[in-house]
Amino acid sequence: MSQPIRLSAEAALTALLEHPHYRYRGCAPDPDDPRVAAGDNTVSVDAWQAPDVDGGELREVREAREAAAIDVCVGCPVMVQCLAYGSSLTPEGKLPEPYAILGGRTALERTKALVRERQAAPVPVAVSEPVPVEQLRTEQKLAVLRGLARFAEPDRVAVAAGLGDGLEGLRTAKWQIARLKTQLGLPKTATRVELLDAAVDRGLLDRSEVAAAETAGLGVSVPAGESPFRSGRRRAGRRGRRVVSVPPGQLAFDFDDQAAGASVTTLYPTTSLETAA
Ligand code: SF4
């Protein structure tokens, strides 16, 4: 749902006061009796200004007063302009009239609307400017990117990047991955494939190096010399037929005996996997 446009308080007040019908507003003092409203002589001119929270007056009294004032607003020729002012924002981001009824809305209603609007507003995603590519061509960053092209899991990336298989290597790999996202101008929520794509775009990796990641999708890693296939499971009654599968939503293949041994390098070009019967 689109958010309402809120004018600046100064501009909205000017538009209201300078409206040609402002002088005929319902809450203006009646020319014959300035104690009551021009729009309804049974309503006091104070009806729009009294506190609209519990405690300032009896609840029943307040509700009756508000209802009478709002009835007058509904017939007011500048109701739209008045509500625009009542909903406008000061330079500090606050409502300009924290107590009055304006444009048929109590201050409490206008405040709640503003709070709802701000809570519904999307949180901006912080993205940094990409840094010059020379800063990204460090030995460790490039090694992490190459590791990330082969593996989804940070611990395996750490090993592939030569950072070691301990906690320190894992931390360094995670830190470098997060840092690369920032330095490539990506949000922190960027996926592995988005990071690899950005690295290819900046000339840090060859497209062929990330082909495996893009083909297999997120979460699939295929270490060199290790088959992504289920361990030799065979379907009953179909001897010699191997079921090859990867996680749901990705790829699944069957290989007949005659196909066994065929290269699957088209699937995982960087790992040169071979099926074995
Ligand atoms: S909309 Fe209501 S508060 Fe606003 S000028 Fe008209 S009567 Fe007064």
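Small disclaimer: the values here were computed from a predicted structure and weren't measured. Remember, it's 1-based here, ligands and their atoms both numbered in the order they're listed.
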S.K.: Taking all non-hydrogen atoms of both residues into account, name the closest pair between Arg65 and Ala47 and its distance.
M.R.: NH1-O, 2.6 Å
S.K.: Quick one: name the protein N/O/S atoms under 2.8 Å from atom 4 (Fe) of ligand 1, chain by chain.
M.R.: Cys82 SG
S.K.: Would you say Leu204 and Val131 are hydrophobically clustered, going by side-chain heavy atoms of ILVMFWY under 4.5 Å?
M.R.: yes
S.K.: Check step by step if side-chain hydrogen bond (donor to acceptor under 3.5 Å, both in side chains) holds for Glu97 and Tyr85.
M.R.: CA-CA 9 Å; Glu97 302 286 349; Tyr85 169 60; 2.7 Å; yes
S.K.: Could you verify whether a donor N or O on one side chain and an acceptor N or O on the other, from Gln176 and Gln140, lie under 3.5 Å apart?
M.R.: yes
S.K.: Any ion pair linking Asp165 and Arg156 (charged N to carboxylate O, less than 4.0 Å)?
M.R.: no
S.K.: Check Ala173 against Ala158 and note the closest heavy-atom contact, atom names and distance.
M.R.: CB-CB, 3.8 Å
